[in-house]
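Single-structure report; data block below.
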There are 2 protein chains.
Amino acid sequence: MRKPTLEEVAIEAGVSKMTASRALRGVADVSRETRGRVIEAAARMNYVGNRLALSLSSQRTNLVAVVVPSMSNIVFPEVLAGISAGLDGSGLQAVFGISDYDVAKEREIIRDMLSWQPCAIIVTGLDQPEETVQLLRRANIPIIQLMDLDGTPIDFNVGLSHSEAGAAMASVLVAAGRGRFGYVGSALDRDLRAGKRKAAFESVLHAHGMHFVDQRLDDAFSSIALGKRLTTAMLAAVPDLDCIYYSNDDMASGGLFACMELGVAVPQKILIAGFNGLDLVNSLPAPIATSRSPRRAMGEAAARLVRQAVAADQVSEQKTVAFKPMITGIGE
Amino acid sequence: MRKPTLEEVAIEAGVSKMTASRALRGVADVSRETRGRVIEAAARMNYVGNRLALSLSSQRTNLVAVVVPSMSNIVFPEVLAGISAGLDGSGLQAVFGISDYDVAKEREIIRDMLSWQPCAIIVTGLDQPEETVQLLRRANIPIIQLMDLDGTPIDFNVGLSHSEAGAAMASVLVAAGRGRFGYVGSALDRDLRAGKRKAAFESVLHAHGMHFVDQRLDDAFSSIALGKRLTTAMLAAVPDLDCIYYSNDDMASGGLFACMELGVAVPQKILIAGFNGLDLVNSLPAPIATSRSPRRAMGEAAARLVRQAVAADQVSEQKTVAFKPMITGIGE
DNA sequence: TTGAAAGCGCTAACAC
DNA sequence: GTGTTAGCGCTTTCAA
């Protein structure tokens, strides 16, 4: 038994397709009595409208395409949760795609999503290759680039400056008296934002006549286990570090666990610094420094921009929402 | 400037709409030369097909609707990553919705997703209220219920038995000589699977003439911080426990951190047991017991069932994929 | 307040 | 190999 169509509901209610459509959408003038009959018929038949037809016909959809690089780190799910929550009640529906930090895959996912004629698209970062940018531009819908502020946005931009975050962390650590730095990171060729943080951090070190005494990099994606492993190796080679900067909090937490296992006092002997401000960090058995990035708030801000842009159906004036990471975990 | 349609591409290539359609899809017989012209024209015009029209016309979509309760815990994103990866290369596209553990919201999300005419739908758990079940049934597409095996599936079922998981953990802990148990959990009214684990765990205790000496419950969602707080409170009230069972690994990890802060030896004095087998658990500074649930594999299995069901376009014989959680972290 | 006609962009089915 | 016709299920536009 096929699903009932609007026409069948209309027949059941003894009206025309058009009247049924209006009644169900609650638009225009439909007599109370007619509307009642239609709604009742629809309920009786368990009518579920066909959005494909609706959107094709009306030339607009309620779809917001969202492309994130990963789901293996809690960061992006939190952003998605923010987007989803921010869209709640607007009638808009987020559709997520995962690019696995792969630019080619990202492009294909974007292409695929655009074929659904979304009313807006949210992508991660500002570093899409030109071809992808063209693809996005041609879609002629609001484009939100999320998470990063270091670069030239195509349209809307929500995020924070990872360069500033890295530089600020370095400044604070140097000011706190640390002088022998190590760096532990992973997948820097793919996680460009972590790369920006590292580069900026290093610049500040150089400005102070310092440098990374040792660094450990790995191609695998960040994880607590990897942070632990690399830190253990690093401390075996260079035991006299007094601070290690990590590509993110997952890695840093692993670093802390490595130090605990080795009996290295954190933060007295070695200060550990990460990025993100994960919930985990608040409960760790020793304090580690981090830059708190408001992930959920970023998602919500992106959702807000989408709602405005879609509602206004015109260029809204606010193009950028800048967040500032807050550094915690150093000093008292 | 509007987006080009198939017709415009066809005109540009000097062929009919239909020929252009065939050429672009690579179906049927189109002369090499014609196909080349069409593809080139499409590329030149940056043609992106309209899936709304495609799906409406062909009466089939490549959408797989997925509804999960939360994104705030890494568990569900990992499942989603598994689904997404499992669907890769099939031409199918997952669409995610978040219900926030709210049955009413879940129903509305499902309703909304069904209006997009997905070719399959994956939902979390087996405990949807009757109204939601009706909604799903009426869609007349493969329905996959994921994560849980304790109940009667509507159609396909992938997951593990949380009752068995809870019972198995209790048996192992009792066998390991533990006797004074505490329980720390959260949001049990919403996270029904955690509730099933707890109930089964408790049954085994009773069978051994034991019971939870103390329990701490909270309405908030699980988190490391909450686990830490509740554990600290519990140990203040009942210091002589020798084992605490948690609703999941996040809570258990918080419990471990609480013990470390209080100087309670884990696992010598108190054994800590959670559920999920999060990556985090592998790197913690002290061993905690957990039941490892293969989250990504479950997502991949669900994706496999969807592919089979969609490809076969008929009832496939395998209706259930059962996973067994593996208990780790007890003894060597 | 309601309905009829046209068409959104595409494909299925059948001609040629 | 290629084109034509007829929709998919809905909304828009216009008429009544």
Whole angstrom value for the distance that separates C1' of dT11(D) from CZ of R60(A): 9 Å
Just to confirm, is there a sub-4.0 Å distance from OP1 or OP2 of dG9(C) to any side-chain nitrogen or oxygen of Q59(A)? yes
Please state how far atom NZ in K17(A) lies from atom P in dT12(D), giving the value in whole angstrom units. 13 Å
Set out, in order, the CA-CA distance, both residues' side-chain angles and the distance that settles salt bridge (Lys or Arg N to Asp or Glu O under 4.0 Å) for E300(A) and R304(A), then state yes or no. CA-CA 6 Å; E300(A) 289 171 343; R304(A) 205 174 315 120; 5.2 Å; no
Rounded to whole Å, please give me the gap between CG in L56(A) and C1' in dG9(D). 9 Å
Side chain of S31(A), heavy atoms from C-beta onward: which of dC10(C), dG3(D), dT2(C) has the nearest atom to it? dT2(C)
DNA chain D: R22(A) or T5(A), which has the more 5' nearest nucleotide? T5(A)
If you check the M18(B) side chain, which of dT2(C), dT11(D), dT11(C) turns out closest? dT11(C)
Per N50(A) side chain, nearest of listed nucleotides dT1(C), dC10(D), dG9(C): dC10(D)
What is the distance, to the nearest angstrom, from the CG atom on L24(B) to the P atom on dG9(C)? 16 Å
T19(B) side chain near dG3(D) phosphate (N/O to OP1/OP2, under 4.0 Å): yes
Please work out if T34(A) contacts a base, only the sugar-phosphate, or nothing of the nucleic acid, heavy-atom cut-off 4.0 Å. sugar-phosphate
dT2(C) OP1/OP2 closer than 4.0 Å to side-chain N/O of S16(A): no
Below the 4.0 Å mark, does dA12(C) have OP1 or OP2 next to a side-chain nitrogen or oxygen of S57(B)? no
Measure the distance from CG on L52(B) to C1' on dT11(C) and round it to the nearest whole Å. 14 Å
With nearest nucleotides of DNA chain C determined for G14(A) and R25(B) from heavy-atom distances, which residue corresponds to the more 5′ nucleotide? G14(A)
Closest approach to the side chain of V30(B), judged atom by atom: which nucleotide of dT2(D), dT12(D), dC8(C) is it? dT2(D)
State, without any angle test, whether R111(A) and S115(A) hold a side-chain donor-acceptor pair at a distance under 3.5 Å. no
Give a yes/no answer on whether the side chain of Y47(B) brings an N or O atom under 4.0 Å of OP1 or OP2 in dC10(C). yes
Nucleotide dC10(C), atom C1' - distance to CD of Q117(A) in whole Å: 11 Å
Is a side-chain donor-acceptor pair under 3.5 Å present for Q308(A) with Q318(A)? no
Donor-acceptor side-chain pairing of Q117(A) and Q59(A) below 3.5 angstrom: no
Whole-Å distance separating the CE atom of M45(B) from the C1' atom of dG9(C): 14 Å
Take the angle between the ring planes of F76(B) and Y101(B) and call it parallel below 30°, perpendicular above 60°, tilted in between. perpendicular
Distance, rounded to the nearest Å, where L6(A) contributes CG and dA4(C) contributes P: 14 Å
